[in-house]
Amino acid sequence: MIEKYNPSEIETKWQSRWHQDQLYKVTETSDRPKFYQLTMFPYTSGNLHIGHWYAMAPADVHARFMRMKGYNVLHPMGFDAFGLPAENAAIKHNIHPHKWTMDNVEHMRPQLKSLGAIYDWDREVITCLPEYYQWTQWLFLKLYEAGLAYRANAPANWCSKCQTVLANEQVVDGECERCNTPVIRKQMEQWFFRITRYADELMQHEGLDWPERVKTMQRNWVGRSEGAEISFGIEEYGLDEKEICIFTTRPDTVFGVTFMVLAPEHPLVEKLTTPERRKEVEDYVNWTRRQSEIERLSTDREKTGVFTGAYAVNKLTGQKVPIWITDYVLLSYGTGAVMAVPAHDQRDFEMATKFGMQIKVVIAPEGYKGEPFAQAYEGTGTMINSSQFDGLPSEEGKKAIIQFLEKKGFGKGAITYRLRDWLISRQRYWGAPIPMIYCPKCGIVPVAEKDLPVLLPEDAEFKPTGESPLKYCESFVNTTCPRCGEPARRETDTMDTFMCSNWYFLRYTSPKYTEGPFDPDQLKYWMPVDLYTGGVEHAVMHLFYARFFTKALRDVGLVKFDEPFLRLFNQGTIILNKQKMSKSRGNVVSPDSLVAEYGADAVRAYLMFIGPWELGGEWNDSGLVGVARWINRIWSLVLDESCGASPVTQEKEIRRQTHKTIKKVQEDLEKIRFNTMVAALMEFTNYLAKVKETSAVSDNPAWKEAMESLILLLAPTAPHLAEELWEKTSHSYSIHNQPFPAWQEELVAEEQFTLVIQINGKLRDKIDVPVSIAETEATELALSQEKIKAQLKDREVFKALYVPGRLVNIVIK
Ligand code: ANZ
Ligand code: ZN
């Protein structure tokens with residue numbers, strides 16, 4: 001009898017041994033090539049659920065694989081520790097955010113350790129600690145010096161429940177992405193990062209191995225539009241402004257303009273509105289102020305708008321067109337003004353239909369005979385009713401019109417972006433203070449580098465007032481101006497937590513460095529990240545911001561690469577009862593009890609087996625039980641000495657199966673196809689168990705090779721089990737310093753034999769088939785041969801007899 005597989009005992013044993021021996025300590029002094037594999041660090045919410053494990057366990061398997069393949073692997077872990085939930089807990093339960101956060105870290109760290117990953121805990125980073133946020137502040141100052149951080153009064157997205165402003169990226173369908181409260185616009189002084197300066201660069205993903213979908217989301221987020229700016233004359237009103245400048249993507253339709261539309265907030269509205277229209281215009285402007293941007297842009301909404309009483313001149317036709325205001329024109333996009341072409345823009349079409357404006361067709365679709373449109377035609381076609389441009393295909397027309405505009409000075413080619421600068425100030429306590437000072441004499445003055453960090457005061461009061469608790473903390477607010485020494489006030493807003501995650505991957509390369517945010521040499525050694533894994537929900541937030549930040553640091557001269565993450569892989573989500581696991585839904589599976597009962601190795605293997613990693617899948621307890629059973633089978637397969645008695649005849653096949661499995665496992669690990677990798681290992685185990693049942697395998701060299709390879713192949717997936725089996729089969733510690741097994745291609749190829757095909761006992765054909773061919777396959781193959789089909793014609797096959805390894809006899813009546 002062999003001893004029972006006891007996962008919790010062996011997992012504890014090996015985890016403490018690995019820790020003691022510093023087996024996973026990472027240094028830069030290796031002669032192996034580096035491989036930096038990063039997993040998105042968890043937010044300090046307090047408890048890891050199985051969804052976190054789904055992000056971390058398969059990632060660790062890959063990192064371990066790379067280690068066995070001969071790389072010096074950095075696979076670090078840390079905590080994203082600033083943010084609103086800590087502060088909300090403070091308000092609700094009267095616990096200090098720092099305590100709440102650090103208690104959570106203390107709870108999560110052992111949970112993470114139970115996973116058995118190769119994290120080098122000496123490299124842990126926690127973003128809310130002064131030794132980290134000091135450098136977050138320092139980096140802010142670098143961006144400020146470079147003109148990439150600035151303060152401006154701007155309309156901001158305001159969530160009244162979270163009592164803070166939000167970045168555009170945090171507003172989803174007009175609602176706060178955290179609490180789903182409708183977001184309103186509020187005019188405020190705010191800090192911004194000039195992300196728009198990088199708009200074009202952020203659209204390019206050259207040299208990056210990223211999912212197409214993320215690249216597309218980022219490109220759409222930047223939203224580059226090519227077109228023209230065209231000016232329409234308003235000289236007759238005697239204003240300082242002599243024209244209205246519009247942005248259009250369709251300069252080819254300029255002869256079809258029948259009215260103009262301004263955003264209700266456009267500064268010219270006030271100046272152009274005629275006295276008799278004033279009341280109506282003001283009422284409308286007030287009404288739109290109460291609408292959210294989402295409502296305003298909704299396409300199925302009935303069009304609204306009012307006439308200002310003023311007219312503008314289309315300089316290409318000399319025609320005067322009425323100027324309206326309507327809420328579907330946004331002030332923040334393009335120039336906040338639109339030339340309306342009802343025949344070719346659906347919104348303008350609806351407007352024109354409702355208010356009786358002319359609809360003038362200037363782009364003829366194919367086969368157009370001059371009939372009126374039932375709706376706008378937004379496609380390409382041939383220019384008509386456009387004077388000297390008539391007959392041009394519309395795409396060419398765009399260029400021709402732009403040329404003409406530029407020659408006449410009526411306008412120019414232009415590009416516009418949907419992307420806005422990144423608003424990073426938050427009116428909250430639990431974040432890195434923005435290191436700025438307001439001096440009555442000197443204005444905005446940055447905190448001196450030597451005075452960093454600007455520490456968060458411990459004694460702030462937490463009230464959901466809509467203003468940072470820091471504002472009421474006199475000892476924090478009152479300071480002296482670094483420039484003139486006179487009394488001054490500190491900025492009381494803190495930074496968006498996405499600023500903390502902008503650079504944590506740089507800090508991992510030298511987490512204890514005190515001379516700067518990172519040691520330039522270590523940074524040079526490790527960066528860029530070779531493989532980054534995490535959820536796709538970060539596509540236009542963290543992943544986008546971190547790319548911007550890297551480019552900004554490059555331009556400031558702090559880093560020498562353009563992109564932080566070379567390969568990106570988004571894992572799917574684990575669902576339970578058809579719903580995404582989440583604390584708020586209360587449908588989370590906790591790993592702790594599962595690990596206690598089945599072992600981390602079983603949970604790891606099951607998570608990988610659930611489905612393709614990029615798709616995720618449904619959590620199922622019985623699936624885990626099945627995988628645990630498989631692990632138990634491996635245990636006895638390797639350790640139990642009892643076996644069959646017949647001599648081993650299938651040595652060649654054992655070796656073939658071994659090498660085939662090595663090849664499959666390696667290829668699947670490289671391509672991140674973990675589920676089929678686990679399946680291949682299961683198949684291999686089943687095969688070996690069958691051999692062992694009948695054959696006296698104990699001293700057989702092919703068997704030994706198979707056993708050794710099996711344990712090595714299991715090492716990334718089930719690191720504790722593999723280490724234990726490695727030791728028990730008299731190998732020296734540690735299996736995790738072993739190279740990954742290699743396969744020989746000639747051994748992988750299947751052996752063939754000649755299959756004889758008979759009809760009613762007479763030889764009719766011969767074909768070569770693999771030795772492993774099964775009965776149904778063999779008969780199907782026999783029946784599908786051309787020669788056999790010709791012989792059989794339409795005669796009914798009575799039955800087919802298969803003699804393994806020799807022949808198929810087809811019996812016909
Ligand atoms: C005239 C025109 C004719 C337009 C036509 C379209 C079709 P994208 O592609 O999203 O960049 N537009 C410009 N500024 C706007 C604003 N501030 N708010 C709302 N709409 C605005 O959209 C560009 C088009 O959206 C522009 O091209 C303009 O309408 C409108 F047959 O100009 B177009
Ligand atoms: Zn001063």
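Counting convention: from 1, in listed order, for ligands and their atoms alike. These numbers come from a predicted model, not from an experiment.
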Q: Please work out whether any backbone atom (N, CA, C, O) or any side-chain heavy atom from C-beta onward of Val338 is under 4.0 Å from ligand 1, and answer side chain, backbone, both or neither.
A: side chain

Q | Arg418 heavy atom under 4.0 Å from ligand 1 | A | yes

Q: Taking the six-membered ring for Trp and the full ring for Phe, Tyr or His, determine whether the centres of Phe505 and Phe565 are under 6.0 Å apart.
A: yes

Q. Can you list the atoms of ligand 1 that are under 4.0 Å from a heavy atom of Arg347?
A. 20 (N), 25 (O), 30 (C)

Q) If you measure from the Lys or Arg side-chain nitrogens to the Asp or Glu carboxylate oxygens, is any gap between Glu395 and Lys398 under 4.0 Å? A) yes

Q. With a cut-off of 4.0 Å, which atoms of ligand 1 are near a heavy atom of Phe247?
A. 13 (C), 26 (C), 28 (C)

Q. Please, which pairs that meet salt bridge (Lys or Arg N to Asp or Glu O under 4.0 Å) have at least one residue in residues 407-417, sequence neighbours excluded?
A. Glu229-Lys412

(Q) As an exercise, identify every atom of ligand 1 less than 4.0 angstrom from a heavy atom of Val329. (A) 16 (C), 17 (N), 18 (N), 19 (C)

Q. For atom 31 (F) of ligand 1, which of Arg224, Met339, His344 has the closest heavy atom?
A. His344

(Q) Please work out, at 4.0 Å between heavy atoms, whether the side chain, the backbone, both, or neither of Thr249 comes within that distance of ligand 1. (A) both

Q) Taking the six-membered ring for Trp, is the centroid-to-centroid distance between Trp422 and Tyr545 below 6.0 Å? A) yes

Q: May I ask you to list the atoms of ligand 1 that are less than 4.0 angstrom from any heavy atom of Asp345?
A: 4 (C), 5 (C), 6 (C), 7 (C), 31 (F)

Q | Contacts of type salt bridge (charged side-chain N to carboxylate O under 4.0 Å, His left out), residue Lys551, not counting sequence neighbours | A | Glu201, Glu563

